[in-house]
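First comes the structure, then the notes that go with it.
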There are 2 protein chains.
Amino acid sequence: MSSNHTHNKKNQTLTKNQRIVLNLLQDSGEPLKAYFILDSLKKEGLNSPLQVYRALDKLVELGKIHKVESLNSFIICNNSNCASNTAFTICERCGKVKEIKNNNLTEGVNELVRENKLNITRYNLEFYVVCKTCKIN
Amino acid sequence: MSSNHTHNKKNQTLTKNQRIVLNLLQDSGEPLKAYFILDSLKKEGLNSPLQVYRALDKLVELGKIHKVESLNSFIICNNSNCASNTAFTICERCGKVKEIKNNNLTEGVNELVRENKLNITRYNLEFYVVCKTCKIN
DNA sequence: ATTACATACGTAATATTATAACAATATAAA
DNA sequence: TTTATATTGTTATAATATTACGTATGTAAT
């Protein structure tokens, strides 16, 4: 896997637990569940759910990962510009999740949010789709 | 509370469990958690979580209620036109949730979705805000 | 260097949210 | 009325997440 990813410079300030959780999510690229992360990192010294949840909380706070709310899962942030706004597509058939950002849809949403009278501080958008692969089959 | 709400006509085809769960959500207007619903309806004869979850699943399927994913809660649908698309504001301070629909923001989102190349079948949007009441204080 | 403070750690216990498996019954359709 | 579908009730268990406690570590100010 790439050792040249966006967040590497900041990773050095992370603690060991935070780092190994982040690395796992980076290498996976898919949304992972907390207890899957725990099982995967037992050999690295993680013993308890709380160790995982604490690392995940911190990484979310830092904008390095996002929680996919409707899946109770966590996914690496694939954007250099890590805000707290999130937008995902979730394939209804295969479950595949992609972060969408910096495209027309999210730009449009951002514009709507700016124009809007509500005091929107951040958002989480989950778009259910049928992905290309599933559409063919 | 109103006994003249949008969905009453269809309610007659609901089973007893589905009906009492729906009524509770209607009367509340707030997002409620499954186990809170269970506790509240013990006196009505609900004994097990599964009875609640089954009723909730069905009501979601019928579009009569929505799940607020990031709160693990369920809220009555306040729209006559109950699609599977959902959009909520959630106050970051007090936790108050409102369904938003048929306003500029959701119309804009709908237009973006129509224009978009992704095969979006439905969406769930959660906008975090500071509500009017909280902003004053 | 020492105090004070914030952050993170490890561990155990527990709380919260959700589903599996099974047998029985009701409802609707053919 | 036979067949198919949906729903029920119950028990048990799985999956997700937090509380509580005591300790350690890093950082900044005195």
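Just so you know, these numbers come straight off a predicted model, no measurement behind them.
Residues B:Asn72 and B:Lys16 each lie close to DNA chain D; by heavy-atom proximity, the contact nearer the 5' end of the strand is made by B:Lys16.
Remark: P of C:dA18 and NZ of B:Lys58 are 19 Å apart, rounded to the nearest angstrom. In this entry the distance linking CZ of B:Arg19 with P of D:dT8 reads 10 Å, nearest Å. The interatomic distance linking A:Tyr53 (OH) with C:dG10 (P) rounds to 17 Å, in whole Å. Atom P of nucleotide D:dT16 and atom CG of A:Leu56 are separated by 12 Å, given to the nearest angstrom. The distance between atom CG of A:Asn17 and atom P of C:dA8, rounded to the nearest whole Å, is 11 Å. Atom CZ of B:Arg54 and atom P of D:dG9 are 8 Å apart (whole Å). Atom CG of A:Leu71 is separated from atom C1' of D:dA15 by 14 Å (rounded to the nearest Å). A straight line from CZ of A:Phe36 to P of D:dA17 spans 16 Å, rounded to a whole angstrom.
Which of C:dT11, D:dA17, C:dT17 sits closest to the side chain of B:Lys33 comes down to C:dT17. For A:Ser48, counting side-chain heavy atoms from C-beta on, the closest listed nucleotide (C:dT17, C:dC9, C:dT11) is C:dT11. With D:dT8, D:dT16, C:dT11 as the choices, the nucleotide that has an atom nearest any side-chain atom of A:Leu50 turns out to be C:dT11.
Under a 4.0 Å N-O distance rule, the pair B:Glu30/B:Lys96 does not qualify as a salt bridge. Note on B:Glu44 versus B:Lys16: no salt bridge recorded, every NZ/NE/NH1/NH2 to OD/OE distance being 4.0 Å or above.
With no hydrogens or angles considered, a side-chain donor-acceptor pair links B:Tyr123 and B:Asn110 at under 3.5 Å. When only modelled atom types and interatomic distance are considered, A:Ser70 and A:Tyr128 share a side-chain donor-acceptor pair under 3.5 Å.
Looking at B:Tyr35, its side chain comes within 3.5 Å of the base of C:dA18 through a donor and an acceptor atom.
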